[in-house]
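Worksheet for the structure shown next.
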2 protein chains.
Amino acid sequence: MQETTLKDNRRHDLLNAASELLAQKPAASLAEIADYAKIGKATLHRYFTGRDDLMLALAQRAFATIEDAIAKSELERGGATEALTRLIEALVPLGDKVYFLLNDSTLAEHPDLAAADHATRAPVLALIRRGQASGEFRADLTAEWIVHQMDYALFAAWQAVYDGSVARKDAARLLVTTLLGGVGMR
Amino acid sequence: MQETTLKDNRRHDLLNAASELLAQKPAASLAEIADYAKIGKATLHRYFTGRDDLMLALAQRAFATIEDAIAKSELERGGATEALTRLIEALVPLGDKVYFLLNDSTLAEHPDLAAADHATRAPVLALIRRGQASGEFRADLTAEWIVHQMDYALFAAWQAVYDGSVARKDAARLLVTTLLGGVGMR
DNA sequence: CTCGAATGAGACTATTTTATCTCATTTGAG
DNA sequence: CTCAAATGAGATAAAATAGTCTCATTCGAG
């Protein structure tokens, strides 16, 4: 039982290192990933059969992390605006584990991820629709469009944090206010 | 003189084909690009010494296209809001030639592109600042942040058009209204 | 039409990355 | 401490891609 736990931890650390490196260098080779994780290439292959397997595990964990953040945000609770704010505040800190997704094209088409993608998107879509029904969010935009824009706004925020142009602690607030209020003066 | 023109046309067609294919398949090999452009690999190498050279030319043309769109938008003319609207309406149709930039990591670090990037960003930043000074745009956000969010919102819009969830003709209007007004009800 | 330049198809080589394998060393459970 | 399992380093093979070269064919200016 402990063996399994140890292995899982190791696997977890490896995925952390990989997503960290891939966020900076999306084209990193497996050898570079192994080096960055301070393990031998052979060991990497003992945990993942190949690059595809690693990327898939990485993406699955990213989606799981997002699902977790969504669950913790309790999107059904309170006003839709407050719920969206909680969601964004929960998602912004995940950048390290999710940002690499943007730069990988092979993942978008993977069938196993379509379900995970839908599972993460559905509750957010529901929240947006709830907010539209309650008059908190604009109803002249489709919920899908809003969620899609939100996704990219998140990537933009993560990148801004990553390149230092925005402080990590400010990112969530900036994102919420930009997303909800737009850049035009009201 | 005509020889040069012919060669330039051919080069132009080749770049068009490449950006078109790379938008769909960012990891396309040079052989695939050559096939897609319906030319031999050898000919591709006669126009571009290698992948780096091709990607650089592609990116430079993308920036030139953007600069052109900016110039045609006459950002200094009229209200900042109207100017921003003109800009977005000019940029949205360029997706085919620019979208691939998002999926390439090697370009971000290329020194020759830093200047082009700055050249395209400067007039847009100036427009945002003008709008902030005139009270049209929010002044509690930095112009850099606004432009950065706008960049990603554009990529999001291009992708939505590309995957069919938004009609090409609606994209610009949607983007302008989302960007300026946000998703919250005012 | 004619000729030189440009092209395409594909053989071929070089380079890079992935994946496998061996074996000495390390690790940690008991 | 002891031993079986896990690891790391590197050799090696395999695969994919990049890049070069040759030569017969096509193209287009004049």
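Values below: every heavy atom of this structure, side chains too, minus hydrogens, waters and symmetry copies. The model shown is predicted, which means the values in this text are computed figures rather than measured ones. By convention in this document, chain letters (A, B, ...) are assigned in the order of the sequence lines, proteins followed by strands, and residues within each chain are numbered from 1.
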Can you tell me how far P of D:dC21 sits from NE2 of B:H45, to the nearest Å? 12 Å
Is there a side-chain contact between B:R46 and the phosphate of C:dA5, meaning an N or O under 4.0 Å from OP1 or OP2? no
Keeping the roles fixed (side chain from A:R10, backbone from A:Y47), state whether a donor-acceptor pair exists under 3.5 Å. no
Pair up each side-chain donor or acceptor in residues 108-118 of chain B with any protein partner under 3.5 Å, not counting sequence neighbours, and list the distances.
from   : atom 1 : to     : atom 2 : distance (Å)
B:H110 : ND1    : B:D112 : N      : 3.1
B:D117 : OD1    : B:R121 : NH1    : 2.8
B:D117 : OD2    : B:R121 : NH1    : 2.8

Summary of side chain to side chain donor-acceptor pair (under 3.5 Å) pairs that have at least one residue in residues 90-104 of chain A, sequence neighbours excluded: A:Y99-A:Q159, A:D104-A:T106
Heavy-atom check, side chain of A:T177 versus side chain of B:R138, under 4.5 Å: yes
Let me know the distance between CG of B:D35 and C1' of C:dG10, rounded to the nearest Å. 12 Å
Quick check: do A:M150 and B:V183 have side-chain heavy atoms less than 4.5 Å from each other? no
What parts of residues 48-60 of chain A reach DNA chain C, counting only heavy atoms under 4.0 Å away? A:G50, A:R51
Rounding to a whole Å, what distance do you find between A:I39:CD1 and D:dA9:P? 10 Å
Checking A:Q132 side chain against A:L141 main chain: does a donor-acceptor pair fall under 3.5 Å? yes
Nearest listed nucleotide, side chain of B:R10, among C:dA9, D:dG19, C:dT7: C:dT7
Considering only heavy atoms, which members of residues 24-31 of chain B lie under 4.0 Å from some atom of DNA chain D? B:S29, B:L30
Okay, side chain of B:R86, backbone of B:E74: is any donor-acceptor separation there less than 3.5 Å? yes
What is the distance from CG of A:L44 to C1' of D:dG10, rounded to the nearest Å? 16 Å
Any donor and acceptor pair, going by atom type alone, linking the side chain of A:E89 with main-chain N or O of A:A172 inside 3.5 Å? no
Contact summary for B:L22 and B:A28, nearest pair of heavy atoms: CD2-CB, 4.2 Å
Check whether any side-chain N or O of B:R11 sits under 4.0 Å from OP1 or OP2 of C:dA6, and answer yes or no. no
Bend of the helix from C:dC1-D:dG30 to C:dG30-D:dC1 from end-axis comparison, five pairs per end, nearest 10°, comes to 40°
Distance (rounded to the nearest 0.5 Å) between A:E32 CD and A:K41 NZ: 12.0 Å
Rounded interatomic separation in angstrom, taking CG from B:L14 and P from C:dT7: 10 Å
Between atom NZ in A:K41 and atom C1' in C:dT18, what is the gap in whole Å? 10 Å
Return each pair, listed once, that meets ring-ring contact (aromatic ring centres under 6.0 Å, His included) where at least one residue sits in residues 150-171 of chain B; pairs must be two or more places apart or across chains. B:H148-B:Y152, B:F155-B:W158
Short side-chain N/O contact to D:dA6 OP1/OP2 from A:Y47, under 4.0 Å: no
